[in-house]
Amino acid sequence: MSDFTALFRELGIPVTAQRLAVLRAVTARPHSTADVIADEVRSEIGVISKQAVYNALGTLTERGLIRRIQPAGSPALYEDRVGDNHHHLICRTCGMTVDVDCAVGKTPCLTASHQAGFQIDEAEVIYWGTCPGCLAQKSGNDHPTIAKSNVHPTHPTTITHEKSTIKQRQFKEESRSCPPIPHAVSRPKKSPGPSHRGPQPLGWQ
Ligand SMILES: [Zn+2]
Ligand SMILES: [Zn+2]
């Protein structure tokens with residue numbers, strides 16, 4: 001019995017070859033879109049419909065085994081590093097996505113200027129910029145090789161945040177049912193700026 005099979009049983013998720021293959025694919029290709037994951041799954045188990053991949057991704061996300069991130073202007077990305085409130089660096093030029101540890105160490109990481117009576121439990125932080133490879137290309141140098149370990153360090157899959165995920169989802173559902181706030185500031189149409197100012201990892205701009 002594989003570790004994933006045991007994990008599914010522990011969480012009461014019905015074990016299917018498709019769900020197992022989808023989880024393996026997300027583990028092998030973190031920060032991938034559903035399309036990339038579907039290709040990976042097909043190379044492993046053969047035919048699978050896109051809808052079946054979406055369904056499996058939905059179940060695994062809901063149960064806290066994987067995390068879904070939704071960068072502005074990009075399809076959703078899935079990863080298996082869960083439970084640690086880490087953030088992401090995304091290259092505006094090539095889309096490379098890199099994990100970066102939580103700036104503060106715990107949610108919500110950022111202090112809101114005012115909370116409007118909300119109990120805030122999460123701040124989504126994405127650092128937008130240019131990766132070292134694209135910086136080098138812009139300045140006419142060769143694209144340096146980036147070690148895979150820098151792109152997504154190995155990490156154990158944990159399920160410790162399952163409760164907080166559920167809480168966050170409930171919070172989001174509640175916030176969805178709120179009446180629209182008059183004169184709400186609409187999001188500017190131009191490309192997203194840095195969501196958070198913080199220390200920049202070496203080589204990014
Ligand atoms: Zn880049
Ligand atoms: Zn990540």
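Bear in mind the structure is a predicted one, so any value in this text is a computation, not a measurement. Indexing begins at 1, ligand by ligand and atom by atom, following the structure's order.
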Residue pair H88 / E79, side-chain donor-acceptor N/O under 3.5 Å: yes
Salt bridge (Lys or Arg N to Asp or Glu O under 4.0 Å) partners of R19, counting only residues at least two apart: none
At the Zn ion (ligand 1): angle between C94 atom SG and C131 atom SG, to 10 degrees: 110°
By salt bridge (Lys or Arg N to Asp or Glu O under 4.0 Å) - contacts of R42 (at least two apart): D39
Heteroatom of E79 nearest to the Zn ion (ligand 2) (N, O or S, atom name): OE1
Check against side-chain contact (heavy atoms from CB on, under 4.5 Å), Y78 and L60: CA-CA 10 Å; Y78 296 88; L60 298 175; over 6 Å; no
Angle subtended at the Zn ion (ligand 1) by C91 SG and C134 SG, rounded to 10 degrees: 110°
NE2 (H86) to the Zn ion (ligand 2) to NE2 (H88) angle, given to the nearest 10 degrees: 90°
Where the Zn ion (ligand 2) is the vertex, angle from D99 OD1 to H31 NE2 to 10°: 90°
Check: R81/H31 side-chain N/O donor and acceptor closer than 3.5 Å: no
